[in-house]
Every structure is written in structure tokens, then in C-alpha cells.
Protein chains: 4
Amino acid sequence: MTDKGKTVVLAYSGGLDTSCILVWLREQGFDVVAYLADLGQEEDFEKAKRKATKLGAKEVVVEDQQRELVEDFVWPAVRADLVYEDRYLLGTALARPCIVRGLVRVAERVGAGYVSHGATGKGNDQIRFELGCYALCPDIEIISPWKDPEFYEKYPGRIELFEYARKHEIPLPITPKAPWSMDANILHISYESGILENPATHPPEGIFQLTTDPEKAPDTPQILTITFCAGVPTRVSVAGDAKQVTDPLEILRTCNRIGGQHGVGRIDIVENRFIGLKCRGVYESPGLTVLRAAHLDLEALCLDREVRKIKAHLSHRMAEQVYNGLWYSPEFEFTDRCIADSQKMVTGSVTLKVYKGGVYVLGREAPVSLYNKELVSMDVQGDYQPPDARGFIRINAVRLREHHRVKNASN
Amino acid sequence: MTDKGKTVVLAYSGGLDTSCILVWLREQGFDVVAYLADLGQEEDFEKAKRKATKLGAKEVVVEDQQRELVEDFVWPAVRADLVYEDRYLLGTALARPCIVRGLVRVAERVGAGYVSHGATGKGNDQIRFELGCYALCPDIEIISPWKDPEFYEKYPGRIELFEYARKHEIPLPITPKAPWSMDANILHISYESGILENPATHPPEGIFQLTTDPEKAPDTPQILTITFCAGVPTRVSVAGDAKQVTDPLEILRTCNRIGGQHGVGRIDIVENRFIGLKCRGVYESPGLTVLRAAHLDLEALCLDREVRKIKAHLSHRMAEQVYNGLWYSPEFEFTDRCIADSQKMVTGSVTLKVYKGGVYVLGREAPVSLYNKELVSMDVQGDYQPPDARGFIRINAVRLREHHRVKNASN
Amino acid sequence: MTDKGKTVVLAYSGGLDTSCILVWLREQGFDVVAYLADLGQEEDFEKAKRKATKLGAKEVVVEDQQRELVEDFVWPAVRADLVYEDRYLLGTALARPCIVRGLVRVAERVGAGYVSHGATGKGNDQIRFELGCYALCPDIEIISPWKDPEFYEKYPGRIELFEYARKHEIPLPITPKAPWSMDANILHISYESGILENPATHPPEGIFQLTTDPEKAPDTPQILTITFCAGVPTRVSVAGDAKQVTDPLEILRTCNRIGGQHGVGRIDIVENRFIGLKCRGVYESPGLTVLRAAHLDLEALCLDREVRKIKAHLSHRMAEQVYNGLWYSPEFEFTDRCIADSQKMVTGSVTLKVYKGGVYVLGREAPVSLYNKELVSMDVQGDYQPPDARGFIRINAVRLREHHRVKNASN
Amino acid sequence: MTDKGKTVVLAYSGGLDTSCILVWLREQGFDVVAYLADLGQEEDFEKAKRKATKLGAKEVVVEDQQRELVEDFVWPAVRADLVYEDRYLLGTALARPCIVRGLVRVAERVGAGYVSHGATGKGNDQIRFELGCYALCPDIEIISPWKDPEFYEKYPGRIELFEYARKHEIPLPITPKAPWSMDANILHISYESGILENPATHPPEGIFQLTTDPEKAPDTPQILTITFCAGVPTRVSVAGDAKQVTDPLEILRTCNRIGGQHGVGRIDIVENRFIGLKCRGVYESPGLTVLRAAHLDLEALCLDREVRKIKAHLSHRMAEQVYNGLWYSPEFEFTDRCIADSQKMVTGSVTLKVYKGGVYVLGREAPVSLYNKELVSMDVQGDYQPPDARGFIRINAVRLREHHRVKNASN
């Protein structure tokens, strides 16, 4: 058991910033445990581990959280059709509470009194990270150097940080830093800041890593079928491939692969951060885009109209909660349970075509659904009396005719 | 002035159904005034006029309502980002109150006491039509043969209707009826019923008329820039074309043409009708899809986060109102005014790329916007103190830590 | 087993209208089973039973539904804080689905193909009654004479109905009909129509039956304590009375008695019916008013702020559902489960004073609550850092300062 | 013109805290301008002015803001039916932005670069005060000693503050401090903290200053009639008093006087502060309670049902905005304009009885209203066809019957 007073668990990425923070924390007298979550990002985890050890980490924990991320964070989001401000699928926001959970687990195991991270002081991630930590572990102390003037005033730019790195034998990146920052996980990659800060100009060619440029995507579309059970994806079948994918992690990977090949899921938006700033974000979320299209479509088949409306309201709330870092909050827990309850009947399959950036629904079916072909048919009357509609309309008009009366009276 | 008691204004389409209704109304002793709205659909209006006259219409009014449709109905929808159940852009629903307005104008001019239409008894259009008429003209009587057992029991299928047509020298359609029904206007075409009633199978090749199949769309994307003033489109510039389009009708036509060529705006959905049935609809709305993408994007740049949230709530309500035929209602009038008020600052331009079914935002700018590059920049501090975020987060955590305390206490 | 084709179950009240309907239904060739629900209204049920039998009912079912009403309908309403249009506690609306359940049970037992009721064609109760029947028993046929021109045109007023009654030896009411109509159950009494139709004049002295006129209520207030468990009332203790009331039915009766003695729960409102009319209603709901005040107060102590907000939104929806007769609907079932879920922590006691029409909360306590005296105290710092609030405010101001910048720029 | 760098405008109350702050600010090297808003609270403003001058204020501004408060802050709240968390009428929250406006006016006149106030670091008022200042004057610096450890650690309790006062010849309060804090203005008085921090015990006898104890209120009720125009109070007539009160300030005073005499408007609640704490507040708002009851009632007569629903949603948002100190925010400005728009038809009069703590509506009328006596009458058919209701119900049942089908299928 480490001395709580002197141990900090650092969310370590292997990059320059958190390497410098690792060394700086040691300078402040801390024992540093580095926590590196494998969320599916491109990374040489073994190399990162050796690096952290070399920089003096007392312990380095590399944890594969991919399955946890998909099952516990992505599936609830898919089930809820989460989307922030009409367009952002929350790829980064969903990963944060997953990392927090891993980090706090380690903090509790080693008895650390502190956690630390390298998120900046203007972004959302600091909030998602810190609110999550406080929620799971109310007494934890958080060290966030980019909000600490002692740190950020000393290293206001790359030059000063490079200087510090050189001085402390922290390996410098070999490739020059891209003129933007990115955050990657199995779900998506986000790109922001740097040259992307001008919302009037579009991102440079070649920025995207998970998705083919739609203009370079295959000329042949790909068809796939996604099956859901109680709102959660349970199977993907890709046309032309006999294999049925049923493992959650593999379902997401398959959707990512197919979506990515066909250029699906790129967006370029201006969004509102929790701290009240507008920022420009460029995202690619191929698999999530495919899954959302499918789920939304199946829901239309299975959910009652009025239940759907209430659920849609809850979904907007939940998207905000997730975006704002409130995954571990009473309101999220409540909303998530309500949405899960709404999905009992959302079971069935949707067939989609992906083609050069687009996702097209081709058809959907459900063992039990509210779609009643006979009732809606124009050719069959079914159990429906057209004259009833007359009364329905006339009663709905009562209020409108009264409004007409009053408008005339008041003119 | 016609005798009110015996005159009916019929919403006439030129097709078999409303031709039969025209004759049937005359059989019931009515003087029939046929009203045929030109909303941009493919139609030989002169021929339709001659046909109605020959069938005994006392007067035939053909009215070009395209400009009215765009300026008074489509622009408020674009300004409000209207979308029904996440996907349907309301192309048919927006046209209905426009026709109703024209029809009621004629009814008032000729002193008719009745209006009539050919919409079926299971659909939304009967409601949009009739609620609109009652709202604008509370004392009007509505004759809707497809809700009248005397009519629909006599003509339960095409065969009986053909028989009736032959008997009354109503010209039969030369081309065989498509195995679905469609409704077209300058905004969009909807396809439903018939073979489309099975939501599991996709629509046949070649059903679409306004949009190229994305797979057959040009290999070269098209770039265009749309300018809005107070939320309303005021200009379109198409890359490679020196002409600036500023006329509202031409703006919509240009967006339709470009969108249509590139296969933009097709959807295939299951939706919930006002009468409580689920139906399957296939729609193509090329121009509206392009305009919505642009407006939504500009709004993200110009609207305050919290105003946007309230506006989004109002937009959901308004989409429902429009879908349900409540354009002429106190709640629509109120909501529309609120949304117009929200758009004062939504002025600027968005540049888009359309390519094989997709619409991609490339950039946006506004003379005055809430986007503050310096404030959000990762490289510049701007008028922002990172330590403030610490307090912000800690205060937001107060509630979460309390929740943790209570959860522990109650376990 | 009765012949389904010829048997109707009539919601029988014992009064003139449903007695006439009973006879009229027999005239139409039906076997009539009279269903009379004992919901706690003042009624000589034995006498009513004999009357129905004498009028030719094939069977008369009198069922005590009071407990069912309280446990299955009132408690969910209390738990949800249901109130329609800010003021109406839904006393009648809650009773309707309870009666419907009983009626359908009988219809199923006797194999009846029809149900009938005496609600008018302009009110809400016809809707609550009929929607409930269709929802529980989709194939049932409903006979509602007051919507049937053959019936209501024959008996447009009391005179014609009296005439009919005399002719068929239906006992006429001995006391003259009050110049208003009323509906009573254990929860409340509603008064409407007749002289109450003028919303400018107040109801006559002496109209109320469950509540003392506040001006004549005792000069000494009464104190009572209500305990809830998971949002549902589980105990009432009345100051000065050693008995602890824990039976649900007795809890409601006690609250009614105390509230009624002290003049609590009268309202006089204009409200909006589902059919689009405004009507004036005068209600007295003593117990429900007391219970609502207590529950609302305890919730403030136990529910997290954001959970409360979401729950409040759901509560508004649910009140509308109940008012509109949608108790047996997918949306009600969903909303009710969500609200039940929100109440897990709403356990504790509230002490109230009732006095001359008012209910005053004196104090509340909960074994586990989010109220943290030390944290909120002005005298103790607790686990709270005042400087954090500075950052909280400054970050919340970011958006406001940007708004100021833009307003200035656009002037 | 004062040197901006060294001048602070202090929101001065005349009490011990802000007197100490005044002196402390001078010690920090500031020129202090004391701003004392007369919002109708009990205060000897001349004496307070002399006191501030004696303590070294460079200038003392006493401003009567009562009219401003009523016309610009209270009337919009009444028009919107504002209430926070179902019960709190926002008496303190409405006064804060009024004071802020006055304070900023002075700061701009004297060219001050700083403002200061004596609100604590755990409350809402600091937020309302500071957000307002930042919104109106983004570059202002705010000095809030109770969030400044240098100050609050020096004076953690009354003893230290008294010590400081004695040392600097700041007059000590003659009467012992009440064991709670209070905030008063023309609208209401709030009581909190101290002995009130225990939510289980009720406030002591005699705490209230604006309202008579209902038990001691007159035995004779008082009747009054309030007239609104476009949602805003324009006249009060008190039964037995020939005078018609039409001046806004006098309207509020009259409602306060009548309400107060009859014990109206006391509440005792637990509420959720913006900073995430639950606190207990005891409030008395006699006039506002009366006005709200009247406005709500008139609205029910004049507003369309669906407009009312949308307006109610906006009202909840607006109450939160006001509570949270966001009066000067883009969302408040937008919401307030929407609500004002909703009120165009809310013109008419409501007659009320106040009696021993209760407000009872006796009747209401409007020159033009949606209430249609003939249409709703049970005795007259009016322009209403009862059989229409059958179709209305049957169409509403379509969805419910489908739900039944699906439930059965899935069991």
C-alpha cells in the first residue's frame, strides 16, 4: 500500500504532454502511477509503458477497456439514439467516463489520494474527467496542471515544453506535431484546434484516419443487416460474408470497418462547450453512424408514437448529460433507466446500404411491431372506419374554430 | 354570385379520383368549381383545365402557388429546422396549408358553402386539408367522399372506379397506375402504399423522379454557398457559375436541381400518422435537405447555446403541428413567431459540398457571431482564466458528491 | 354464458339518466347487465340494485372498488404529483379507469359484446370511459346514447326524459335536480354545468359536500404527519390521536376527513377539455390536496435537482394522459414506470397544519436525504470552498459576456 | 471622473457586513462609492447614507428603484406565472437584477473598474449579482470578500467581525442579530440560515413581518378584483373602497397590503440552489401570491390550450433562468419576448377573496375569450355534433388497440 498522501494516478497517454506532467508530478514530490487505457486507439502500449517506467512512474497500468467501453457506454448511447446538438455522436464524451472508471479503480487499489490528467483548461474533457472522479470518489484530489498557473505559465507554448522535455530526457516526438489536436478511440477520432480553429475553412486533405474519403470510397455499395434486442445491437451480418457477428466488440468493429471503408460518419461542426464557448470540431464516427441509423429506424417500427416522443425528450437530456461529463450523476442514472425501459419492444433487424459517405435504410422487420399492414393499407379497409376520421377532424377543429371566432372578435 | 347552398369548390388534381369526384358531386346536385394548384408538380395544367370543364365544372381555377409556397410555408420551415420524427422534412405537409389557402380564397370569392377533396380516410392529408378549411372558414361544409360510405362502398377498388369513369366518359389514365401512390410539388415527392406497404422490402429501382440514384450521380462533387438573413435563405452561389441566385423561388429550384443531380434527399422511413397508424413513406426532398443542412450549421455558429435549446424544443413542437395539419392554429402562429424571433442573428453563409447522396459542410461564416476564435484557441489564452474552470467543475460536483453520500447511506 | 351478440354491460349510477338508458337498451333488444361501482360516493347501493333489477337488468353487479381506486390509481397520482393545468387534481379522471377496469371484468365474465354508459357527448368522461374500454378490450362495441342522435334528439331535455321515465315506470327523483351536475367518489366531488356555466359568477353557498366552508371551519388548526415510502403514503398520524393509520384506504379517508373539516381543497377553475372546449369546473378534493402538499415537500428534500426537473416534465405529461383518458396507453404505462423509478429515495415524513382552507408545511424529515445541513450552513464551512464559486460564476459568465460582445457588434 | 483603477462601487445595505466591507475595501486602497437601492425594504436610508459617508465612502448613492422593480422585473414575472420548483415566487431573485442595473449605472457614471457586494459564497445571490454585472459590463472586476480567503478566514464568525467593527468605529447593531438572516424588498421577505437550517422544525412565532399570522387574520374575508391587459396588471379594485388603483407601484402595494393583512403568501420550503446545495427557505410574498392566482386564472380563460402548454414550458425555463441569476442572458431575453407574445389576449378581470391565508377565485371575465358558454353547455347543443366525438374517440383508440395487439403478441 502506497502512502495515500503522496501517490497520484495519472491518466497517461504516452504523448509529450502527459510525459512532461509525469515528470513534473514527481518533481512536486508525488509517487506517480501511470494509467493508460487501451480504448482501441493506435498506440504502441508496450513502448508507452516502458517510457513511463523510464520517466519514473512507480507503476504503469495498461488496461484494455475496449469491451467495457462498448458494452457499458456505447450500447446505452445507441439504445438512446444519443446525439448532441443534432449532429455530434459523442465519441469522445462516451470514452471519458470509461477511463475515469478505470482510473478510479486503480486509485482505490493503490490507495492514491490524487488523480491527474493532461486535459486543457478550456475544453470539455477536463470536466468529464474531473466530474467523473468526484462522483465516484468524492474525496479524491485532482491535479490538473493545465489549470494551474504555476504549470501553464511556465510552459505557455510548445517551445517551453520541448525545453522542459529535453532537460528531463523525455523523448521528443519524432514526427512534427500535426497543426491540430486529435483524440482517438475505438469509436471515433476527433480533430480540433490549430488550423481547424477557423470555422470558415475546411479541414485539410488527409486528416481523417478511420474513414476513406467518400470520393475515393468503393464504387460498389455494401449491404449489411443489424439486429437489435431490447434496443441493443446483438448481431451484424454483412452481405457476401457468411459469418454472423454477435460479439459486442466485434459488432462495433465490423460497423466501423464497413462504415469506414465507405466513408461514412464524417462531420464538421461548430458546437457549444459546457464552459460556454463555441468550438469547431471535426469528427469521424463510422460505426456509430451506421448503428444510429439502424436503431432510429427500428425504433420507428417498434415504438408507440407517444412513447417515442417522451423518449426523444429524455434522449436530448441524456445527450447533454453525457456531453457535459455527467455520466455518473443521479440524472443520468435515472434517464438511462427510463430509456432502457422504453426499449423493451425494440427488437428486430434493419438492412442498410452504405455507399460513398451515405447510409441508406433498405428495409426493416420486427417479430412483433406496431406496424399493421392491413390497418394502414389503402387497398384493404382493415379494422378501421373512415367516417370515424370525420369526427376526429371535426373535434380537433373545435379549438381552431374558436380561435377564429376570437381573432375576429378582437380585430 | 353563385348560390352558396349548391356550390362546392373541389381541390382538383386532374387525376382519375378527383375527376370521378367532380362528376359525383354534380350528381349530388352541386355546382362544382375546380381548384387546381400549381405547386410545381409535373402536370399539363391546360389539359387538366379542359378536362374539368368538359366534366361539367362550372369554373376551373388554375393558380400558380409556387412562390406563395416557398415564401410563406417553406421558408418558415427552413428557419425552424423542421423535421418530423428525426427524418421527414414535411414536403407534403407544407404544401397542404398552401393549397387550403388558395381553395378558401376561391370559396370566399364564389360564395361556396362547401369544399371537397380526394384525400383518403386513413391518411394525414385529409386532416391537413380539413383542419385548414375549418380554421380559415369555420362555417364551411366539407365533402370528403373517401370518408363517405355511400361513396367508398360503391367504389371500393380500381375496377369499380374505372367502371364509373367509363360510364361518365371520364378519361381513363393511359399509362397503367403505378403500384404505389405519389404526391409531388416543387419541394418533394412522396411515395407510399401499394407495394411500398411492406416496410421490409425496399422501393423498386426507378421510383424516384427528382433525384438521381446516388450510385449514378456525377463523380465530381458540386460546391455551393448558401446565404441566410435572419434565418431565411437569401442567396445561393453555385461554384463555377457566376450567377448569384437571390429570388426565393429560384433559390429553392437551384437547391433542388443541384441536390437532385447529386442524389441528395432520399429517405425511406416508417412514421406515425396523426390518426395513430404507422405507415411507410419514401420521400425525396433534394433542395430542402441541402437547405436544412446549411441552416442548421449556420445556427450553430450564431445562436447562443441556451437559446438554441429552447428553439429546438419549439421546433419539435412546430414540426408536429405542421405534420398534424395545424398550420392555421393558435399554437402554430405562436410558435412560428417565437422561432422567427430566435433567428434575428442567424445571418451568414455556409459552403457545402454535395456528392453522391451526401451533403457535407465545408465551412461557414457570419458577419457577427458568437464564435470567438481567440477565446476558444488552445494557443492563445484570450480573456479566459483556466483556474476558473476548476471552481466551475468543483461546484458542479457538489451535487454529485452529495449523491454519492446518499447512495452509500442507503445501501 | 350469455349470448355475446345481445348482452351489454351498462355503467349504472342509479340515477335517472342511466335508468332510462337501461330501459332504452332493453327496448333495443339487449340483455342488460348493470354495473355499479362503489367508489365511496353517497349512494344507497342496495336500493339502486333493486331499482335496476326492477327495470329489467338481467344481472346487477355492485362492486366495492374503493381500495382498488386508492391503491392502483390514487397512489400513482400522488407519487407523481399529478395536477392538470396547474390546479386540477384529477379526482374524476382517476376514478374513470378504475370503473372501466371493473366494467370490462364483468363484460369478459358474462361474455358481453357491448358496454354502455351515460356520459354526455361534450365531456371528458365519455373519452376516459371509451378509450379505456377499447384499450382493455379492443373488440368491444360501445353504446353511448348521448352521442346517438336517435336517443338524444328524442330526449333533448329533462321534460322528455321525465316523460319517458313515467311511461316506463322509472322512478323519478324525489328531490328536484340541482341546477348543476356533480360527480362524487371517495377522492372528490366535481360540480359543473347549469348555473356554473357562467365563469364570472361564483358557485352558490352550500354547493360543497366534502368540505366545510373555510369561513366556518374550526378556529383551531389541526396538525398531522404523513409518512411516505418510495413516494407512496404509508402512514398518517393526527396530532392528539394516538392511532397510527397505515391502511391505504384509511389513510385517504383520514386525509379527507381532516382536510374536509378544515375546508381544504376547494377550487373553481376554467379548464381545457380534451375535445377542445373550455369548461368551468368547481371541485373539492380535501385529502388529495393534503397529500399532494406533503409529497411535493418531501420530494424537495429527497430528489436531486436535475432528477426532479426531469420528473416534473414527466409529471406534466402524465397529468395530461390521465385527464385525456389515456390511463391504459403505452405512454402512461411508460411514464408511470419512470416516475415510480424516480421515487426510490422519496421516503420520509412531512408535518402539516391545516387551517381554514390552507395547508401549511411545518417541517419534514427523511432518514436519508440530499439535504446537508453542514454543507449549506452559513456558520460552518463544511466541505465547500467559497472561492470555487468564483470560478463557477466566471465560467457561467463566459456565454453572457460573448452575448454582450455580439449585441454591441450588431448595433 | 474617478480613477477607474482605484474605484469600486459597493452594493451597500447599511448593515454590519457591508459596512465592514466598505472599510476593508478602503484598507485595500480603493475609493469606495456606496450604492444603496431603495426597493421598499424597512430602512432609514438617510441614516445609512450618513453612516457610509462617515465610514469613508467617497460618494453614497441612494436610489429609489421601487417603480423600476415593479414595472421591469415583477410585471414580466407575473405575466409569465413564474414559480421556481412549484412553490417559490422568486421575490429575492427578481430584485437582484434590478439592483445590478442600478449599480452598473453608477459604475459607468463614476468610471469605476470594480464592483463589490456582501453576498456569501454559498448562496444564489452572489451568482445573481455577479452574472448580472458581467453581462451588463463584461470588463468589470468583482470583489466578493466572502469568497476571498484573505477576508473570510480573518472573519469566520460574528465575534471577529464585531472586533473589526469596533476597531474601525463601525457602529454595531443595537438589537441582537436574529438567529436567521433575512432579505426584504417591496415584494417579499425571505428568511434563511441560523435556526432555520433544520428543515424538520418550523420557524419561530413572530418571524414574519409582511403577513399577519393566518390564525390572527381578520374573520371577515376581503374581496378584490384585479384587471390585466396583455398579461400585465393594470387595475385593482378593493371591495368597499371606491378608489381604483391603476399605478403599477400602487397595484403591488395594494395587493401586498390586502394579502398581508389576511395572511396570504407564506411558504416554508426546501429548494435547490444553483450551486447544487439544498437549502431551506421561508418566504412571505403576499402581493405576488395574490397576483399570481389572478393571472393564472385569467390565462385559463383566455389562452388556447396548446398555446398554454408551450407557454408553461417556457415559464418553467424562465423561472430557472431568473432563479439562477440569468436575467441578463440571451435565453432570458428570448424567453421573455416569447411569453410577452403569448399574452396578447390575456386581458380581463378576476375577482378574488382573501381569507386567513387563502386566496380563492370567485369569478373571471374577459371582453374576448375562448370560453364559449353555448358551445360547452350541457343544455344547448350549440355548434357541436355529439356523434363527432365518437369518431374522435375511435381514432384516438386506434393506437391503443394496436398496443393491446402487440402486448398480447409478445406475451
Side-chain angles (χ1 to χ4, degrees), chain A residues 85-86 120-122 126-127 130-131 134-135 138 146-147 149 152 193 197 199-202 214-215 221 268-272 275 277-279 296 300-301 305 328-330 355-358 361-365 370-371 373 375-378 384 386-387 389-390 392-393 396-397 400-401 403-404, chain B residues 85-86 120-122 126-127 130-131 134-135 138 146-147 149 152 193 197 199-202 214-215 221 268-272 275 277-279 296 300-301 305 328-330 355-358 361-365 370-371 373 375-378 384 386-387 389-390 392-393 396-397 400-401 403-404:
Chain A
E85 294 189 342
D86 292 313
T120 71
K122 285 186 175 175
Q126 57 171 343
I127 304 176
E130 299 184 18
L131 286 183
Y134 285 132
W146 291 119
K147 282 200 290 292
Y152 71 74
S193 75
E197 279 168 7
T201 58
H202 55 274
E215 298 182 34
D268 171 348
I269 63 171
V270 171
E271 77 197 45
N272 291 293
I275 53 165
L277 291 175
K278 286 190 183 295
C279 68
L296 206 56
L301 189 68
R305 181 184 69 199
Y328 301 110
S329 68
Y355 173 69
K356 290 194 187 277
V361 176
L362 300 182
R364 70 291 284 166
E365 49 193 333
L370 286 164
Y371 186 89
K373 197 180 157 180
L375 195 57
V376 76
S377 174
M378 290 301 173
Y384 183 90
R390 182 168 293 159
F392 178 71
I393 296 169
N396 273 296
L400 309 186
R401 295 163 88 196
H403 179 57
H404 186 276
Chain B
E85 293 189 343
D86 292 314
T120 71
K122 285 184 175 175
Q126 57 171 345
I127 304 176
E130 299 185 16
L131 285 184
Y134 287 132
W146 290 118
K147 282 200 289 290
Y152 72 74
S193 75
E197 278 169 8
T201 59
H202 55 275
E215 298 182 35
D268 171 348
I269 63 173
V270 170
E271 77 196 43
N272 291 293
I275 54 165
L277 292 174
K278 285 190 183 295
C279 69
L296 207 56
L301 189 68
R305 180 183 71 200
Y328 302 111
S329 69
Y355 172 70
K356 291 194 187 275
V361 176
L362 300 182
R364 70 292 284 169
E365 49 193 333
L370 286 163
Y371 187 88
K373 198 179 157 180
L375 195 56
V376 77
S377 173
M378 291 300 175
Y384 184 92
R390 183 170 290 159
F392 179 72
I393 296 169
N396 273 295
L400 310 185
R401 296 163 86 194
H403 180 59
H404 186 274

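Each chain gets a letter, A, B and so on, in the order the sequences are listed, and its residues count up from 1. Quick caveat, the model's predicted, so the values are computed rather than measured.
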Name the member of [options] that forms the most heavy-atom pairs with chain B at distances under 4.5 Å.
| options | value |
| --- | --- |
| A:Pro149, A:Ala300, A:Ser193, A:Gly357 | A:Ala300 |
| A:Ile393, A:Asp86, A:Ile127, A:Leu301 | A:Ile393 |
| A:Ser377, A:Gly363, A:Pro221 | A:Ser377 |
| A:Thr120, A:Ile275, A:Leu400 | A:Leu400 |
| A:Pro214, A:Pro330, A:Ser329, A:Gly358 | A:Pro330 |
| A:Val361, A:Asn272, A:Ile269 | A:Asn272 |

inquiry  = So does B:Leu375 get a backbone contact from the side chain of A:Lys122, meaning a donor-acceptor N/O pair under 3.5 Å?
reply    = yes
When every non-hydrogen atom of B:Pro138 is compared with those of A:His404, the smallest separation belongs to CG-ND1, 3.1 Å
Looking at [options], which has the largest count of heavy-atom pairs under 4.5 Å with chain A?
| options | answer |
| --- | --- |
| B:Glu197, B:His202, B:Glu365 | B:Glu197 |
| B:Arg364, B:Arg401, B:Glu215 | B:Arg364 |
| B:Gly121, B:Ala135, B:Ala200, B:Ala389 | B:Ala200 |
| B:Pro199, B:Pro387, B:Ala397 | B:Pro199 |

Applying a strict 4.5 Å limit to non-hydrogen atoms, the region of A:Tyr328 in contact with chain B is backbone
Please look at [X] and chain A and tell me whether the side chain, the backbone, both or neither of the residue comes under 4.5 angstrom of a heavy atom of that chain.
| X | answer |
| --- | --- |
| B:Leu277 | side chain |
| B:Tyr371 | both |
| B:Glu271 | neither |

Practice item. Flag the pair A:Asn396 / B:Tyr134 as yes when at least one side-chain heavy-atom distance between them is below 4.5 Å, and no otherwise. Key: no
Counting C-beta onward and ignoring hydrogens, is there a side-chain heavy-atom pair between A:Glu85 and B:Leu296 closer than 4.5 Å? no
One should read off an interatomic distance between B:Glu130 CD and A:Phe392 CZ, to the nearest 0.5 angstrom, of 11.5 Å
